[in-house]
Number of protein chains: 2
Amino acid sequence: MPVSNVTINDIARELKVAPSTISRALNNKSQISEKTKKLVRQKAAELGYDINLVASSLSKNKTNIIGVLLPNINRYFFSQVVSGIESVAYDKGYQIIIAQTNESLEREIEVTRMFNSTRVAGVIACLSVKTTDVSHLEKLKKNGIPLVLFDRVDYSLDCQKIIVDNFDGAFQAVSHLIKIGCKKIAHLGGPSDCKVFQERARGFSEALEIHKIQLWPNFLLATDLTHEDVRGVFSMWMTAPQKPDGVFVAGSDAGLMLTKMAVEAGIKVPDELAIVAFGDEPANEYICPSLSAVEMPGYDMGRTAVSQLFDAVEGRYAGSGTTVKPLQLIVRRSSFKRE
Amino acid sequence: MPVSNVTINDIARELKVAPSTISRALNNKSQISEKTKKLVRQKAAELGYDINLVASSLSKNKTNIIGVLLPNINRYFFSQVVSGIESVAYDKGYQIIIAQTNESLEREIEVTRMFNSTRVAGVIACLSVKTTDVSHLEKLKKNGIPLVLFDRVDYSLDCQKIIVDNFDGAFQAVSHLIKIGCKKIAHLGGPSDCKVFQERARGFSEALEIHKIQLWPNFLLATDLTHEDVRGVFSMWMTAPQKPDGVFVAGSDAGLMLTKMAVEAGIKVPDELAIVAFGDEPANEYICPSLSAVEMPGYDMGRTAVSQLFDAVEGRYAGSGTTVKPLQLIVRRSSFKRE
DNA sequence: GTGAAAGCGCTAACAA
DNA sequence: TTGTTAGCGCTTTCAC
């Protein structure tokens with residue numbers, strides 16, 4: 001490993017000026033003549049100089065790195081968020097370091113510690129489903145590292161939060177099912193210890209109540225939304241005395257699985273069973289029948305999150321607040337209007 | 001912003017020992033008594049000390065950050081690769097900073113410069129389709145930053161490369177189409193200036209040749225695989241005197257689009273038109289008919305790439321070489337055996 | 001086994 | 001406008 005990097009001292013020596021002059025010139029500071037500025041830039045280019053951001057960061061006590069913490073980068077929603085974050089960060093000259101928790105609190109804590117050690121300029125996070133205690137994130141604040149939460153947030157944390165209205169999305173979805181004529185509507189829900197899933201379940205219940213639709217036993221289930229869960233719940237429903245004629249599924253993967261199982265079991269979707277999922281992804285458009293879903297604006301949420309983070313990083317505004325992004329119900333064949 | 005971080009000097013002062021002792025204790029160096037080691041750790045925990053990696057990196061002239069450069073994080077394959085990279089990096093105590101090129105060479109150059117300035121420990125990259133000149137990547141090498149390329153590689157670069165055998169994958173796919181009885185097979189190809197797509201086209205041609213299948217005019221097309229491209233090609237094929245009865249599509253997105261268009265046009269897939277795509281993703285399993293595809297092992301490629309990068313970073317082995325990952329043809333309904 | 005001191009490359013007072 | 005100087009927080013020789 002050669003590691004023969006040019007430093008500002010090299011440039012300074014060649015030009016017979018002080019290193020600080022080089023620094024000023026390269027950073028476009030005001031108190032410097034255009035002439036030397038040009039001279040310095042020229043020589044820097046000639047020697048192939050690239051600033052050492054490690055040294056710069058240490059000196060300024062501030063990096064140009066944003067830490068992004070999320071459950072899994074390979075889930076569609078999260079990859080959309082990351083893409084949004086990266087696009088804005090890039091324009092601002094920031095870099096993003098990403099880490100997955102795999103829904104493990106222990107790992108979330110470890111990553112947060114790492115971000116802290118890296119002295120990231122700020123952190124954007126989506127909490128793991130298991131996260132109840134948030135002291136690890138509070139420590140960031142204590143160290144002067146701004147935090148923005150998205151999707152799975154914790155209200156006890158004093159920071160900006162970007163969310164969707166899970167209650168409303170669920171309410172919309174279920175109201176839609178009711179409108180197209182479903183009478184026996186079930187909810188395949190997510191982990192009950194996670195707020196977003198609680199809200200979705202609440203939206204489901206509320207919609208039933210308002211429309212005076214009966215809730216049958218075992219029609220409101222909290223699961224981990226794994227393949228096994230979906231399979232188990234589906235077979236239970238299909239062998240029960242009361243079968244649902246409409247299902248609101250709390251996650252997009254589970255929605256796809258359920259739709260596929262139903263079709264394979266010979267059930268007519270949507271006629272015998274209408275399905276709407278929370279969370280849209282490309283497969284929803286392709287599955288047969290195509291799957292209705294409440295679409296979460298991941299890319300946009302990412303962009304907003306990082307913009308708000310920059311407000312804090314750059315000292316413009318660092319308050320606490322919640323941005324609620326609009327949700328859109330996309331009606332496809334799996335819940336297309338019957339009579 | 002409080003920014004009241006504890007340093008090793010604080011610990012040293014409290015313990016009335018030298019900062020170097022703290023450093024040694026915390027880094028588990030050999031020349032230090034267990035007693036002070038324990039003492040130091042205890043005090044560090046008590047004060048809530050977290051190492052400042054910026055300072056550490058500057059001092060060691062080496063960061064614990066891996067730069068990952070790829071076209072788009074929100075494409076399934078790439079998100080899989082990143083996930084694989086992150087999982088291994090995390091275990092090694094490294095962080096990953098990711099950047100998207102959006103298939104822009106200019107941006108690829110800019111990001112590379114940035115990685116260089118960040119003094120990343122190494123870089124893992126998938127070149128943009130537009131990348132022909134690779135001097136920006138050569139500069140990394142010159143600066144002692146190891147590089148590993150994956151998927152879209154450049155053989156003039158002296159580094160490890162992780163790829164799939166695009167020729168073979170295409171050959172397999174097309175041979176399969178031939179085996180199930182297709183006689184008029186077409187190829188919806190990708191950008192012709194990109195090696196991987198050239199190889200896929202070559203595999204297509206070779207399979208036809210070997211099996212003595214005629215190549216009809218306009219049956220071997222290079223496109224950008226956009227929605228418009230797919231639509232245009234599809235309608236051209238369907239209105240031509242000779243319609244294909246089998247198509248090998250160079251990308252998974254385009255494969256999904258084509259399948260959907262065919263079904264919507266009332267064409268029986270696979271009976272009238274069999275389809276196989278290069279690249280698998282979740283939607284392939286769900287689309288109706290489900291879409292056959294050559295599966296690229298993204299997660300595994302990511303893990304291998306980063307492992308090889310560590311070999312170079314940690315000075316074990318830094319040669320040049322190519323790892324070819326196995327490709328698997330997954331046969332689904334879109335090309336299921338007819339008689 | 002521990003301390004003293006230099007230095008990683010840069011920035012930012014303070015002087016001139 | 002430019003130079004001098006003192007760090008940023010850590011690691012690492014070199015002494016003791």
Side-chain angles (χ1 to χ4, degrees), chain A residues 1-41 43-44 47-65 116-121 143-144, chain B residues 1 3-41 43-44 47-65 93 116-121 143-144:
Chain A
M1 277 172 269
V3 195
S4 64
N5 279 309
V6 184
T7 73
I8 54 172
N9 297 304
D10 299 329
I11 305 177
R13 200 177 325 109
E14 294 244 343
L15 255 33
K16 300 193 198 314
V17 295
S20 52
T21 301
I22 310 297
S23 173
R24 282 188 278 249
L26 260 19
N27 288 300
N28 235 329
K29 298 284 181 184
S30 51
Q31 348 88 298
I32 192 138
S33 76
E34 278 304 323
K35 189 166 136 257
T36 42
K37 209 180 269 188
K38 183 164 289 175
L39 216 61
V40 168
R41 290 180 186 289
K43 182 58 84 179
L47 299 181
Y49 172 80
D50 281 312
I51 187 175
N52 181 333
L53 287 174
V54 180
S56 172
S57 294
L58 178 61
S59 173
K60 293 199 284 199
N61 191 27
K62 175 178 178 327
T63 63
N64 71 329
I65 301 178
N116 194 56
S117 282
T118 303
R119 301 296 192 259
V120 294
N143 289 351
Chain B
M1 279 173 268
V3 195
S4 63
N5 278 310
V6 183
T7 73
I8 54 171
N9 297 305
D10 299 330
I11 305 177
R13 201 177 323 112
E14 294 244 344
L15 254 34
K16 299 193 197 315
V17 296
S20 50
T21 301
I22 310 297
S23 173
R24 282 189 275 250
L26 259 20
N27 288 300
N28 234 331
K29 298 284 181 185
S30 51
Q31 349 87 297
I32 191 134
S33 75
E34 278 304 323
K35 190 168 134 254
T36 42
K37 209 180 270 189
K38 183 164 291 176
L39 218 58
V40 168
R41 289 182 186 288
K43 182 57 86 178
L47 299 181
Y49 172 80
D50 281 312
I51 187 175
N52 182 332
L53 288 175
V54 180
S56 172
S57 295
L58 177 62
S59 173
K60 292 199 285 198
N61 192 27
K62 177 177 175 328
T63 63
N64 71 329
I65 301 178
N116 194 55
S117 283
T118 304
R119 301 296 191 261
V120 293
N143 288 352

> If you compare all heavy atoms of Lys29(A) against all heavy atoms of Ile32(A), which two are closest, and at what distance to 0.1 Å?
O-CG2, 3.2 Å
> Enter the distance from Lys38(A):NZ to Arg41(A):CZ here, rounded to the nearest 0.5 Å.
10.0 Å
> Quick one: what's the B/S/- string for nucleotides 8-16 of chain D, heavy-atom cutoff under 4.0 Å, read 5' to 3'?
BBBBBB---
> Looking at every non-hydrogen atom in both residues, tell me the closest pair between Leu47(B) and Ile11(B) and how far apart they are.
CD1-CG1, 4.0 Å
> Report yes or no: does Ser117(B) contribute a side-chain atom to a donor-acceptor pair with the main-chain N or O of Leu53(A) at less than 3.5 Å?
no
> Starting at atom CG of Asn116(B), determine the distance to atom C1' of dG9(C), rounded to an integer number of angstrom.
14 Å
> Is it true that Asn116(A) and Asn143(A) share a donor-acceptor pair across their side chains at a distance under 3.5 Å?
yes
> Roughly how many Å is it from CG in Leu26(A) to P in dG9(C), rounded to a whole number?
16 Å
> What's the shortest heavy-atom distance between Ala121(A) and Lys62(A), and which atoms?
CB-NZ, 4.3 Å
> Expressed in angstrom and rounded to an integer, what is the separation of Lys16(B) atom NZ from dT2(C) atom C1'?
17 Å
> Think Thr36(A) has a side-chain N or O under 4.0 angstrom from the OP1 or OP2 of dT1(D)?
no
> Just by modelled atom types, is the Asn9(B) backbone N or O under 3.5 Å from a matching donor or acceptor in the Thr7(B) side chain?
yes
> Just verifying a value: how many Å separate Asn5(B) CG and Asp10(B) CG, rounded to the nearest 0.5 Å?
9.5 Å
> For the helix from dG1(C)-dC16(D) to dA16(C)-dT1(D), what angle lies between the axis at the first five pairs and the axis at the last five pairs, to 10 degrees?
40°
